[in-house]
**Q** 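For reference, the structure I am asking about is given below.
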Amino acid sequence: MVKVARVLPDSIADELGIEVGTELVSVNGRDLHDFLDWEFLTADDDLVVEARQPDGDEVVYEIQRPEGEQLGVTLEPPTVRRCANRCEFCFIEGLPPGLRRNLYIRDDDYRLSFTYGNFATLSNVKERDIARILEYRLSPLYVSVHATNWEARKVLLNNPRVPNIVEQLTRLADGGIQFHCQMVVVPGLNDGDVLEESLSDLWKLGDAVISAAVVPVGITQFSHLYTGKPMDAAAAGELLERVAHWSERARRERGENWVYGSDELYLLAERALPPAEHYGDFSQIENGIGAVASLRSRVAAGVDDLPRMDGRRIGVVTGKGMAGLMPELIAKLENATGAAFELIVAENSLFGPTITTAGLLVGADIRDALADRHDLSIALIPAETINDDGIFLDDTVFEELRASLPMPVYPSYDFIDVLSAEAQAVAA
Ligand code: SF4
């Protein structure tokens, strides 16, 4: 059973009298367990939907849907599948205490992997889930492999009951499912020969593995489970060597790089980041693979269309991780606009100094960085610091923070987005 959260006005559902709170029980005789069932079972145009109205009345809707027309129903959010692992490097376990409750949910949900690109380990996947993945062709899936070696994976996931990932992936691949895979690497555990084995096993799965990413372990001062070594420059460099070796082979045999080091890995190893062409269609950009290259491309593509902004002073708040890469971008923006840009590097007060990612800065960091800056015309902050509800990780509300600061503050993804719009607003 799934429950209706919203009905679009004038939609088929609205005309049928489906209301908020209606329980949708089955479609064409098949029980509904979650949003995936609803989405896939209602793909037909002839539907018999069994439902229970909020007053308890049971109703059967017979629907002949005009081709392409939506039913007009939004469902209540699904109950997220919880994670059965206890990885030492788990970022959730490395969160500071006192944050809002939903940030502590350790999800491991193949449905969200398919729908939103969340990584899942597949360690809580049961036989019926495999059947659903195959029937609904939930592809591609984003899979946290970490290691294909079964024993190493049990240690990494801190879970002696994890299934054999090679067998799982092979079975799904045989059914036509494809994957984007990641290996979060803990020095001494799944680097070296273990990583070699993982890349070799994934390579053998052929076209089923669309991409593979190698990501360094990220530890905060609250990562109480972690007993391993931190990733240093030498270890990061070795990982990049292995990535380069495999991507060379992939280029020869597949015509694409296939395996990628995360941006963080290049920064840790103090190596130059590859250009945008290296990343193909940026299939793992949300995983920090090619985000810097993408930013550079977007700035290069948009900077010449920016209007002059002579005399203005623009503050750019970022984290330490990006600080070294910003001056080249800022120089381009200054050249094109005539404005004076100032890079303001903020330290993460919530996670501690080891977390240097700009997108994890919190409201308090932005406030500290900008509260006394009466000299700035505007300030740009990383848009990734704010969620869809306009709230920072530390529960600071963006609009309230903005109102308290002495200059207009704009969340920005790539500078161009805000500077084009802001200049137009000033000119208007
Ligand atoms: S799989 Fe590991 S890292 Fe992911 S949520 Fe579970 S414990 Fe955390």
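For ligands, and for the atoms within them, numbers begin at 1 and follow the listed sequence. Not measured: the values here are computed from a predicted model.
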**Q** State whether R132 and D34 are salt-bridged, where the test is any N-O pair (Lys NZ or Arg NE/NH1/NH2 against Asp/Glu carboxylate O) under 4.0 Å.
**A**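 Answer for the salt bridge query: yes.
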
**Q** Tell me whether the NZ or CZ atom of R251 lies within the 45° cone about the ring axis of W258 and under 6.0 Å from its centre.
**A**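 Not flagged: R251 not positioned over aromatic ring of W258.
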
**Q** On a heavy-atom basis, which atom in G290 and which in I285 lie closest, and how many Å separate them?
**A**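 Shortest heavy-atom separation between G290 and I285 comes out as O-CD1, 4.1 Å.
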
**Q** Tell me the contacting part of N85 for ligand 1: side chain, backbone, both, or neither, using a 4.0 Å heavy-atom threshold, strictly below.
**A**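 The answer is both.
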
**Q** Please state which protein non-hydrogen atom is closest to atom 2 (Fe) of ligand 1 and give its distance, to 0.1 Å?
**A**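 Of every protein heavy atom, C87 SG, 2.2 Å lies nearest to atom 2 (Fe) of ligand 1.
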
**Q** Do F89 and Y226 have ring centres separated by under 6.0 Å?
**A**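 So the answer is no for these two rings.
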
**Q** Relative to the heavy atoms of R106, which atoms of ligand 1 are at a distance of less than 4.0 Å?
**A**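 Going through ligand 1 atom by atom, the ones under 4.0 Å from R106 are 5 (S), 7 (S).
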
**Q** So does R81 pair up with D109, basic N to acidic O under 4.0 Å?
**A**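 D109 and R81: not salt-bridged.
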
**Q** Will you find, in the side chains of W246 and E196, an N or O donor that is under 3.5 Å from an N or O acceptor?
**A**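 Yes, side-chain donor-acceptor contact under 3.5 Å.
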
**Q** Within C90, is some N, O or S atom less than 2.8 Å away from atom 8 (Fe) of ligand 1?
**A**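 Of the N, O and S atoms in C90, at least one lies under 2.8 Å from atom 8 (Fe) of ligand 1, which means yes.
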
**Q** Could you tell me if any non-hydrogen atom of T121 lies under 4.0 Å from any atom of ligand 1?
**A**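 T121 counts as a contact of ligand 1 under the 4.0 Å cut-off.
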
**Q** Could you tell me whether atom 4 (Fe) of ligand 1 has a protein heavy atom closer than 4.0 Å?
**A**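 When distances to the protein are checked, atom 4 (Fe) of ligand 1 has no heavy atom within 4.0 Å.
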
**Q** Heavy-atom distances under 4.0 Å are what count here, so tell me which part of C83 touches ligand 1: side chain, backbone, both or neither.
**A**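 Side chain only.
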
